[in-house]
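Here the structure is laid out as structure tokens; the discussion comes afterwards.
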Amino acid sequence: MQLNAQQLKAKEHPSGPLLILAGAGTGKTTTIVQRMAFLISELNVEPSSILALTFSVKAADHLKEKLVEKIGADGENIHASTFHSFAQSVIDEFKSELKLLYRPNLMNDSEINFLIREHFNELDYIHSALFRRNPIDAIKTLKTIFDQFREELFTDEKLSQLFTQCKETINRDGADEKEREHYLQLMDAIQIYPLYQQWKKDENRIDYGDMISNLWRLILNSDNVKAQLQQRYTHIIVDEFQDNNHALSQVINVIAQPQNNITVVGDDDQCIYSFRGANIQNVSGFKSRYYGSPEYAEIPLMENYRSTKPILKLANEIIQFNPDRVKKGELHSQKESSFIPKLYEGSKDQQTAQLKVEIESYIASGVPLNQIAILSRTHKNCKLASEFLSKNRIKNQYYSERLFDNKLIKDVICGFQILGKTSYWGQSIYRLIKNKFGGELAFEFTEKLKYNKSRSLSELVENYNFNNETFHLWFNEIISISEILPENDILKITERIVKWSGVYKDNIHVENHQSEINIQILNQLLTHITNYEQSYPNSDFNQFVRYINISWEVNDIAVEPTWADDVINGVQIMTVHQSKGKEFSHVIIPFLVSAGFPLNYQNKALIQFLPANWRNWEVGDRSMKDLHIEEERRIFYVAITRAENSLVLMTTEKRQSNFIKNISSEFLEREKIMIESKEVEKLDTLISMFENKLLDAITFEKWNDAYHLVHSIQCIKDVKNGVTPEWNDNPYKVEIEENIYANEEVVNIPTELSLSATKISTYDKCPLQYRFKEIDKIPLLVKKPYFQLGSVIHKVLEIFHEKKMSTQNELLSLLDQYWTTEGFEYKQEEQQFKKDAVVMLENYFAYFQANPVHPQFVEEAFSFKLKNCTINGKCDRIDVTEDGHVEIYDYKTSKKQIASKDLKKDIQLAVYALFLLHDGIELIDGKKQKMIAEKLALLSLRHEEIETSVKFELDELVEKKDVIEAIADKIRSKDFDAKIGHHCDYCEFKDLICPEFN
DNA sequence: GGGTTACGGTTTTTT
DNA sequence: ACCGTAACCC
């Protein structure tokens, strides 16, 4: 390939610091490869004196390949690798200087979280209440902060100085609550960090951050190492320089001395990894560091060989809104085109429908599917697009599955939960029985599970009458596995669990593409477990289950793609981050809605990043939020610049993304989507699914499988036409029937429908969750600490009033009496919860002293009938005032206090009022009296002003009654569609049961 | 115009 | 749990 003038200049730049500002698609790899060739042939640099560094393994492999291709044997002698593998090789070589005898073993993310988890109870004092209340969140947060300490190369002295700074900040007036909490978390991180380092050392382990910081310590503390490295590598080349963090930049700066023959290639407009420490000031920082040096040069490559002029015009228009960019001119190209990037406006459904139209028109004009890409900001939207295309018979490729989200892996995990008797115990048995033997048998089994408090399998068997021989045998097998737990190693047990759970037998039954994927996925799990066994050879089974559960919680292991994935020709669907470095003839970016892209900036309760003024770079007066929007804009810029020939954007009519809202039609042609989306029939979806499988079978030459699939498709079509299919020996029969009859199981609604305030709000939140809890009666997880706290508080207050006690001491000693440490995994958590309980009781007592009444009733149960249901419930406390007015009180232990104006929406208070209206209570004369409640109050115990209250008038209560009856009607009509939202994260059925996540 | 409420969204991933 | 915009109120 012929280099252009700028590229040539970069190639033949003599020596000294060189900054190549390489825009998207400007031939940067070619240029640096040629530059290395030039160094060797023209400047007589030894190949082994060149150090070429990248961040990712993929980029390193790509670079090595190109080097060998262009330079030949000399290319192989160039040290081209990732930063981390370079660091590791140096540490190996000089390990004696670090006083290491053996090469430390690298920890993966699950192991790191597990390590902190296993030591968490040793921590004596934790500053952050949030950390104390939620150790798992604390562990995850600590890990990311520890990484950032290393990215910024903080020394012990620096950390202790920052600790003092934290203390000053939290004592300062005017700091808001969240900021104060963040600094408490940072104080914890600083205090725990040396312990974390020691825990690793004790086990001769290191993490990725240690690789870089050890290298830094080596060259800083040993003149010998520094001198050797400086002599060995006289020329340094760094790729994707904008993604470097501070630590990496410092390391290469030192090694490059004294000649500073250092070439960096990067584009500040494509820096999209600041969440992992990438320093947005890297590029300009390089410039200011070496600007004074006489050999310093700066060469922009802005001649783009990828995109057409109109696409680049849009890209330039968008990125120019970012402040403080390094000066390098605009991207330009020679590719003329009359196609202006297009913007479709329509609802989300219309956008997906339009996706289909666009792709079909590309197909009609002969574009290969893998030249079309759908890019999205989030995985959620990628998934949406992928599922939509599959339903519509358009082959597509989207990889994002996490190992522990996989259905088969979850089945195996269920086996571990059963053996480990964890809180997932009941749900795991339920899930496996349902998968293997159907819903009816699972339903039959649930009652028994509920009453099996000791979680003993043999006890279950004694109480169960097995009519089904296969089921009986299967159950005996898990019992015999549980009996050999102590004397067998974890891999043995895993093997038996895998067999028992049926994932081999049931999912690898046909010689087809999917089976091969399934085998690979299972192997990935086995590898994960083998690694654990090697690291913890003396682990007992319970510890192993804790490890598995933390891996599951972290869930960051991606399912590896198979070799075969490259062969498939489908529409490419990926996140913008995944698309970096790639290019496609046609790019579609749908769902450009406000809050979606740019994503809303969120200042979360758990700290995510070090404070801006702790970093080794200046951001001027831009806020964290400004920086966030700028990064989102760069992400959008990266997405646009992937397109070669056509670029189609899609957005809603209102609430459009800020990035495109005011872009003039000169850059972007707008058009309203006119088509209406229509639902694809269930059986048609199934046919599409099998047609896709057939395509795979043909691609991979699984002819026997193809034969079955053709037959399967015929059978589904038969069902569609009302004909009874002839299944013969079709191995897909079970799978197809499951799909056809899914959600058509019998749901038995009791004739006497019993509701309560809680049940009503559960239904309101998610009808499916209501069904799981109240209709299917799926076993719940073992009580979480949070609920335990609530019930203890209620119990204590009940007794306090019942026994007519009157002092705070009496109240608090009741707490001591009823408090139990059971159910708490972490010491800190238990202590904090008890502290919270004391505060709540103190708040209550202060309130009680100001309002000294003796309640008429405590924990008063009630029941009354409405048109189509019975309402049951319990009032925490009922008072009768001197003038005969009734007041009902409810204790709230949750963090959130409902504002007075919102109380009328509260269903619970309305239910109490309805009870008084419909059923009444016994007053002095022993007769039940119906009336309107004068006052309905919530006592939010976590707040100083605990009382908020409301009164419902008659017409309002009639309205509420209608609402409840409407819900009862909906339940009776078996309306149980899942409602997805943030509440899903707190739903007990999310992990193993809910079809939306399984 | 300014304040309030309703509503619709809600992470990225490498070593 | 938290943010940004549209719609509404005055």
Side-chain angles (χ1 to χ4, degrees), chain A residues 53-60 81-88 106-109 112 130 134 137 143-144 147 150-151 177-178 181 206-215 240 243-245 247-248 251 270-278 347-348 375-384 399-400 402 554-558 574-581 591-606 608-609 624-625 628-629 631-632 634-636 638-639 651-659 661 894-896 899 901-902 905 979-986:
Chain A
L53 296 171
T54 66
F55 197 85
S56 72
V57 174
K58 229 185 199 165
S81 74
T82 64
F83 275 101
H84 287 83
S85 96
F86 168 65
Q88 190 60 51
L106 180 67
M107 302 183 90
N108 63 33
D109 282 354
I112 292 166
L130 221 58
N134 204 335
D137 279 349
K143 180 185 172 293
T144 63
D147 284 339
R150 268 85 54 84
E151 279 157 10
E177 264 320 297
K178 188 176 273 178
E181 170 62 33
I206 55 163
D207 63 11
Y208 286 110
D210 293 331
M211 286 185 174
I212 303 300
S213 65
N214 284 348
L215 173 59
E240 301 277 9
D243 288 333
N244 266 20
N245 56 43
L248 300 177
V251 167
Q270 292 188 72
C271 172
I272 59 172
Y273 284 106
S274 61
F275 61 86
R276 64 161 198 224
S347 69
K348 203 162 189 174
L375 306 183
S376 157
R377 177 66 181 87
T378 61
H379 279 301
K380 205 176 164 186
N381 281 334
C382 285
K383 211 171 162 192
L384 186 89
Y399 306 110
S400 76
R402 303 281 162 151
V554 178
N555 198 16
D556 68 338
I557 304 169
M574 64 194 81
T575 62
V576 182
H577 284 85
Q578 288 172 323
S579 78
K580 204 181 178 203
F591 315 129
L592 289 167
V593 65
S594 142
F597 200 169
L599 279 170
N600 276 346
Y601 168 76
Q602 274 177 275
N603 183 13
K604 294 189 172 152
L606 292 162
Q608 318 223 76
F609 296 108
M624 295 292 267
K625 190 168 140 187
H628 168 80
I629 301 281
E631 173 139 335
E632 293 287 313
R634 290 191 294 268
I635 298 171
F636 191 47
V638 167
T651 185
T652 42
E653 281 187 61
K654 291 173 182 173
R655 293 168 194 253
Q656 298 190 343
S657 160
N658 270 342
F659 293 157
K661 207 154 68 179
S894 55
K895 235 184 288 173
K896 211 178 161 179
K901 63 180 167 57
D902 293 332
K905 290 182 216 153
K979 219 194 254 181
I980 315 270
H982 206 278
H983 55 266
C984 294
D985 284 345
Y986 307 95

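Protein chains get the first letters and strands the later ones, always in sequence-line order, with residue 1 at the start of each.
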>> Checking contacts here: which listed nucleotide (C:dG4, B:dT15, C:dC2) is nearest the side-chain heavy atoms of A:N600?
In response: C:dG4

> Between B:dT10, B:dT15, C:dG4, which nucleotide gets closest to the side-chain atoms of A:H84?
Replying inline: B:dT15

> Expressed in whole Å, how much space separates the C1' atoms belonging to C:dC2 and B:dT13?
Replying inline: 23 Å

>> The side chain of A:Q578 is closest to which nucleotide in this list: C:dC3, B:dT13, C:dA6?
In response: B:dT13

>> So which atom in A:L106 and which in A:D207 form the shortest heavy-atom distance, rounded to 0.1 Å?
In response: CD1-C, 3.8 Å

>> Counting only side-chain nitrogens and oxygens, does A:N658 get under 4.0 Å of the OP1 or OP2 atom of C:dT5?
In response: yes

> Should the pair A:F83 and A:F55 be assigned to parallel (<30°), tilted (30 to 60°) or perpendicular (>60°) ring geometry?
Replying inline: tilted

>> Quick check on C:dA7: is either OP1 or OP2 less than 4.0 Å from any side-chain nitrogen or oxygen of A:K654?
In response: yes

> Reckon A:Y601 touches a base, only the sugar-phosphate, or nothing at all at heavy-atom distances under 4.0 Å?
Replying inline: sugar-phosphate

> Out of B:dT12, B:dT15, C:dT5, which nucleotide sits closest to the side chain of A:T378?
Replying inline: B:dT12

> Rounded to whole angstrom units, what separation is found between the CG atom of A:L375 and the P atom of B:dT12?
Replying inline: 14 Å

> Roughly how many Å is it from CZ in A:R655 to P in C:dG4, rounded to a whole number?
Replying inline: 13 Å

> Got a donor-acceptor pair under 3.5 Å from the side chain of A:R377 to the base of B:dT11?
Replying inline: yes

>> Just the rounded figure in Å: distance from P of B:dG9 to NE2 of A:H983.
In response: 15 Å

> Does B:dT12 have OP1 or OP2 sitting under 4.0 Å from an N or O in the side chain of A:H628?
Replying inline: no

>> Under 4.0 Å from OP1 or OP2 of B:dG9: is there any side-chain N or O of A:S594 that close?
In response: no

> Closer to the 5' end of DNA chain B via nearest nucleotide, is it A:G209 or A:L599?
Replying inline: A:L599

> Could you give the NZ-to-C1' distance, from A:K58 to B:dT15, as a whole number of Å?
Replying inline: 14 Å

> Would A:K604 and A:D137 satisfy salt bridge (Lys or Arg N to Asp or Glu O under 4.0 Å), going step by step from the backbone distance to the final call?
Replying inline: CA-CA 12 Å; A:K604 294 189 172 152; A:D137 279 349; over 6 Å; no

>> When you compare the side chain of A:H628 with that of A:N603, does any pair of heavy atoms fall below 4.5 Å?
In response: no

> Of A:K661 and A:N603, whose nearest nucleotide on DNA chain C comes first from the 5' end?
Replying inline: A:N603

>> Suppose we define a pair by two distances each less than 3.5 Å, Watson-Crick or G-U wobble; what does B:dT11 pair with here?
In response: none

>> Heavy atoms only, 4.0 Å cut-off, all strands: where does A:Q608 land among base, sugar-phosphate and nothing?
In response: base

> Atom CG of A:N381 to atom P of B:dG9: distance rounded to whole Å?
Replying inline: 9 Å

> Which one, B:dT15, C:dG4, B:dT12, comes nearest to the side chain of A:K625?
Replying inline: C:dG4

> Which atoms form the tightest heavy-atom contact between A:E151 and A:R276, and what is the distance?
Replying inline: OE2-O, 3.2 Å

> Over how many whole Å does the gap from A:R276 atom CZ to B:dT15 atom P extend?
Replying inline: 8 Å

> Considering only side-chain heavy atoms of A:K178, which listed nucleotide, B:dT10, B:dT13, C:dC2, is closest?
Replying inline: C:dC2

>> As a test of reading the structure: which of B:dT15, B:dT10, B:dT14 is closest to the side chain of A:Y208, going by heavy atoms?
In response: B:dT15

> With sugar-phosphate meaning primed atoms plus P, OP1 and OP2, does A:V576 contact a base, only sugar-phosphate, or nothing at under 4.0 Å between heavy atoms?
Replying inline: nothing

>> How many whole angstroms separate atom CD1 of A:I112 from atom P of B:dT13?
In response: 19 Å

>> With heavy-atom distances below 4.5 Å as the criterion, would you say the side chains of A:F591 and A:L384 are in contact?
In response: yes

> So, does A:E240 use its side chain to make a donor-acceptor pair with the main chain of A:T54 at under 3.5 Å?
Replying inline: no

> When the distance from CD1 of A:I629 to C1' of B:dT11 is rounded to whole Å, what number comes out?
Replying inline: 14 Å

> The side chain of A:A605 lies closest to which of these nucleotides: C:dC2, B:dG9, C:dT5?
Replying inline: C:dC2

